[in-house]
Q: 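Starting off with a structure, shown below.
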Amino acid sequence: MMKFIGLALVVVALAGCETSGEAGKKKDIHSMPEYAAHETCLGKQAFIFKDAEGTPLEAGTIASAACNSTRVALYQAIRKVESPSFAKGYLEASEENDPKMIAGVIAKARMGKDPFS
C-alpha cells in the first residue's frame with residue numbers, strides 16, 4: 001500500500017512539473033513566411049505537373065516531393081515556436097496530405113474545372 005501511495009505522489013509531482021511551465025508565445029503557422037513559401041511551391045508544382053502522364057495521385061506525389069525543401073524550412077520554423085512533437089506531427093501530416101491535395105488540384109485541372117473552387 002505504501003508503494004502505491006508513493007507512486008501516486010510521484011505521478012502527481014511529475015504531472016505538476018510538466019504542466020506548470022509557462023506557455024511560450026505561440027505564432028499562427030499560416031502567418032509564417034515559410035508557410036507562404038511552401039504553399040507557393042505546392043501551387044507551382046501542381047501547375048507544372050497537371051499535364052504529366054500518370055494518375056493525379058502519382059503526379060501529386062512527385063509534385064509534393066519537389067517541395068521537400070520548403071516543407072523542411074517550415075518544419076524548422078514551426079519547431080522554433082511550438083514543441084518539437086507538434087512540429088514533427090505537422091511535418092508528418094504535411095508529408096501525407098500534400099500529395100493528396102495536389103492530386104485533387106491536378107484532377108480538377110485535367111477535367112477543365114477550376115481547381116480552387
Q: Taking only residues two or more places apart in sequence or in another chain, which ones pass salt bridge (Lys or Arg N to Asp or Glu O under 4.0 Å) with Glu96?
A: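 Lys100.
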
Q: Roughly how far apart are Gln45 CD and Thr70 OG1, rounded to 0.5 Å?
A: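 Going from CD on Gln45 over to OG1 on Thr70, the span is 9.0 Å.
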
Q: For a quick test of reading the model, state the closest non-hydrogen atom pair linking Leu74 to Glu34 and the distance between them.
A: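 The answer is CA-CB, 3.8 Å.
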
Q: Verify, without hydrogens or angle tests, whether Thr40 (side chain) and Ala36 (backbone) share a donor-acceptor contact under 3.5 angstrom.
A: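 Yes, Thr40 side chain to Ala36 backbone: donor-acceptor pair under 3.5 Å.
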
Q: Tell me, please, which residues at least two apart from Ala37 pass side chain to side chain contact (heavy atoms under 4.5 Å, CB included).
A: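 With neighbours one apart ignored, the set is empty.
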
Q: Going only through I, L, V, M, F, W and Y residues with side-chain contacts under 4.5 Å, is there a path from Ile48 to Ile106?
A: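 Yes; Ile106 is reachable from Ile48 via cluster members.
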
Q: Only pairs at least two apart or in different chains count here, so list each disulfide bond (SG atoms under 2.5 Å apart) that has a residue in residues 72-117.
A: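 Of all non-adjacent pairs touching residues 72-117, none passes disulfide bond (SG atoms under 2.5 Å apart).
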
Q: Which residue pairs pass the disulfide bond (SG atoms under 2.5 Å apart) test with at least one member in residues 40-117, sequence neighbours excluded?
A: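 Qualifying pairs, neighbours excluded: Cys41-Cys67.
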
Q: At their closest point, which heavy atom of Val105 faces which heavy atom of Ala46, and how far apart are they?
A: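 Taking Val105 first and Ala46 second, the nearest heavy atoms are CG1-CB, 4.0 Å.
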
Q: For Arg110 versus Lys50, what's the shortest heavy-atom pair and its separation?
A: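 Looking at all heavy atoms of both residues, the closest pair is NE-O, 2.9 Å.
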
Q: For residues 29-59, which residue pairs pass the ring pair (Phe, Tyr, Trp, His ring centres under 6.0 Å) check, not counting sequence neighbours?
A: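 Non-adjacent pairs meeting ring pair (Phe, Tyr, Trp, His ring centres under 6.0 Å): His30-Tyr35.
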
Q: Go through the structure and list residues passing side chain to side chain contact (heavy atoms under 4.5 Å, CB included) with Ser83, not counting sequence neighbours.
A: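 If we apply the side chain to side chain contact (heavy atoms under 4.5 Å, CB included) test to Ser83, skipping adjacent residues, the hits are Ser85, Phe86.
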
Q: Would you name the heavy atoms of Gly60 and Ile102 that are closest together and state the gap between them?
A: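 For Gly60 versus Ile102, the nearest heavy atoms are CA-CG2, 3.7 Å.
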
Q: Clusters formed by hydrophobic residues whose side-chain heavy atoms approach within less than 4.5 Å: which one holds Leu91, and what are its other members?
A: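 For the cluster that includes Leu91, the remaining residues are Tyr75.
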
Q: In chain order, what residues pass the salt bridge (Lys or Arg N to Asp or Glu O under 4.0 Å) check against Lys44, with sequence neighbours excluded?
A: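 Here no residue qualifies.
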
Q: Once salt bridge (Lys or Arg N to Asp or Glu O under 4.0 Å) is applied, do any residues pair with Glu92, and if so which ones, sequence neighbours excluded?
A: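 Per chain and number, Glu92 pairs via salt bridge (Lys or Arg N to Asp or Glu O under 4.0 Å) with Lys88.
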
Q: By side chain to side chain contact (heavy atoms under 4.5 Å, CB included), which residues pair with Lys113, not counting sequence neighbours?
A: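 Scan of Lys113 (side chain to side chain contact (heavy atoms under 4.5 Å, CB included), adjacent residues dropped) gives Lys108, Met111.
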
Q: In the single-linkage hydrophobic clustering (I, L, V, M, F, W, Y; side-chain heavy atoms under 4.5 Å), do Met101 and Ile62 co-cluster?
A: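 Looking at the clustering, Ile62 is in the same group as Met101.
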
Q: With sequence neighbours excluded, what pairs up with Ala103 under the side chain to side chain contact (heavy atoms under 4.5 Å, CB included) test?
A: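 Testing Ala103 for side chain to side chain contact (heavy atoms under 4.5 Å, CB included), a comparison that skips the adjacent residues, returns Pro56, Leu57.
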
Q: Only pairs at least two apart or in different chains count here, so list each disulfide bond (SG atoms under 2.5 Å apart) that has a residue in residues 86-117.
A: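 Applying disulfide bond (SG atoms under 2.5 Å apart) to every pair that reaches into residues 86-117, excluding sequence neighbours, yields nothing.
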
